[in-house]
Protein chains: 2
Amino acid sequence: MKESKRRRLEAQGWRFGSAKDFLGLTDEEAEYIELQLSLAALLRKRRESLGYTQTEVADLIGSSQSRVAKMEAGDPSVSVDLLIRTLLALGVNRKQVGRAIGAAASA
Amino acid sequence: MKESKRRRLEAQGWRFGSAKDFLGLTDEEAEYIELQLSLAALLRKRRESLGYTQTEVADLIGSSQSRVAKMEAGDPSVSVDLLIRTLLALGVNRKQVGRAIGAAASA
DNA sequence: CAAAGCTATGTCGAATATGACATAAAGGAA
DNA sequence: TTCCTTTATGTCATATTCGACATAGCTTTG
């Protein structure tokens, strides 16, 4: 992982420990985080293309505006589970989710 | 969702409530579960192709054999997060994870 | 300017996922 | 058969994630 990228991610609230604090190595941490950021970006894109506010999405999935904001921000406190469930609730299908995961994070 | 599939999934421990008990509709529940089963199948395939036991994988990621067994079984108590992290720890890359998610569950 | 609407961020008790452990079950070798 | 290895399943205390709430920032509209 490049130092610049590491600093960018740490600025978002992610923390990196030594290898075994997480699961596996640093490269895997990076892959996981990028994957999450990809889904976060897709969520924002999808929500905006539907013309929804974060509050509307929150109501749709039975959550709160703040959590939707955190999902889109790639906050470490949100799980990939929740991101995927939310995307599915917005009509994104499995195949599209898969494509987003395979692609690099744009942010 | 077909009745036969529903019964198969319920037999694995999944429970289905009315729509709003989950996030969204029944179709989304189904998509999510299939996605999880796809990852579970990939994990088993990957582990076996590496010639690892469940215990070895557990040690590798700092978990326990029972949890690895549950991951592979598609147990509702395991999160997609953990499945993805484990796959990444076994050297599966983001792109391959994405492909598995896009594909239908074989089980 | 103020007010309203949307998004960002921090905190909290409650809900859920976690590793660990025990133990059962299934398979293979002696 | 017994022994050994591997996988499956159930439970539990702890750790993490959750929705909710407060509040701040940021635009836009009047």
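Throughout, protein chains are lettered first and strands after them, A, B, ... in sequence-line order, and every chain is numbered starting at 1.
- Distance from the side chain of B:Leu82 is smallest for C:dG19 among the nucleotides C:dG19, D:dT17, C:dT7.
- Under 4.0 angstrom from either OP1 or OP2 of C:dT18 there lies no side-chain N or O belonging to B:Ser77.
- Rounded to an integer number of Å, the gap from B:Asp75 CG to C:dT16 P is 15 Å.
- At whole-Å resolution of the value, CD1 in B:Ile61 and P in C:dT18 are 10 Å apart.
- When rounded to the nearest whole Å, the span between CD1 of B:Ile84 and P of C:dT18 equals 12 Å.
- The residue B:Ser64 sits close to a base: some heavy atom pair falls under 4.0 Å.
- If you measure from atom CD of B:Glu56 to atom P of D:dT6, you get 7 Å, rounded to the nearest angstrom.
- In terms of polar N and O atoms assigned as donor or acceptor, the side chain of A:Ser66 comes within less than 3.5 Å of the base of D:dC21 in a complementary pairing.
- At distances below 3.5 Å, not a single donor-acceptor pair connects side-chain atoms of A:Glu31 with backbone N or O atoms of B:Arg85.
- In this structure, A:Leu43 places its CG atom 11 Å from P of C:dA8, rounding to the nearest Å.
- Among the atoms of the strands shown, only primed sugar atoms or phosphate atoms (P, OP1, OP2) are found under 4.0 Å from some heavy atom of B:Val78.
- No side-chain heavy atom of A:Leu60 sits under 4.5 Å from any side-chain heavy atom of A:Glu56.
- Taking only side-chain atoms of A:Thr53, from C-beta outward, the nucleotide of C:dC6, D:dT7, C:dG19 with the closest atom is C:dC6.
- No donor-acceptor pair under 3.5 Å is formed between the side chain of A:Glu72 and the backbone N or O of A:Ala69.
- When the C1' atom of D:dT16 is taken as reference, atom CG of B:Asp81 falls 10 Å away, rounded to whole Å.
- Put simply, the side chain of B:Lys70 and the base of C:dG19 share no donor and acceptor less than 3.5 Å apart.
- Straight-line distance from the CD atom of B:Gln54 to the C1' atom of C:dG19: 15 Å, rounded to whole Å.
- Taking the nucleotide of DNA chain D with the nearest heavy atom to each of B:Arg67 and B:Thr55, the more 5' of the two is matched to B:Thr55.
- Here the side chain of B:Asn93 pairs no donor or acceptor atom with the backbone of B:Leu88 at under 3.5 angstrom.
- For the pair A:Asp81 (side chain) and B:Val80 (backbone), a donor-acceptor distance under 3.5 Å is present.
- With hydrogens and angles ignored, a donor-acceptor pair closer than 3.5 Å exists between the side chain of B:Gln65 and the base of D:dA8.
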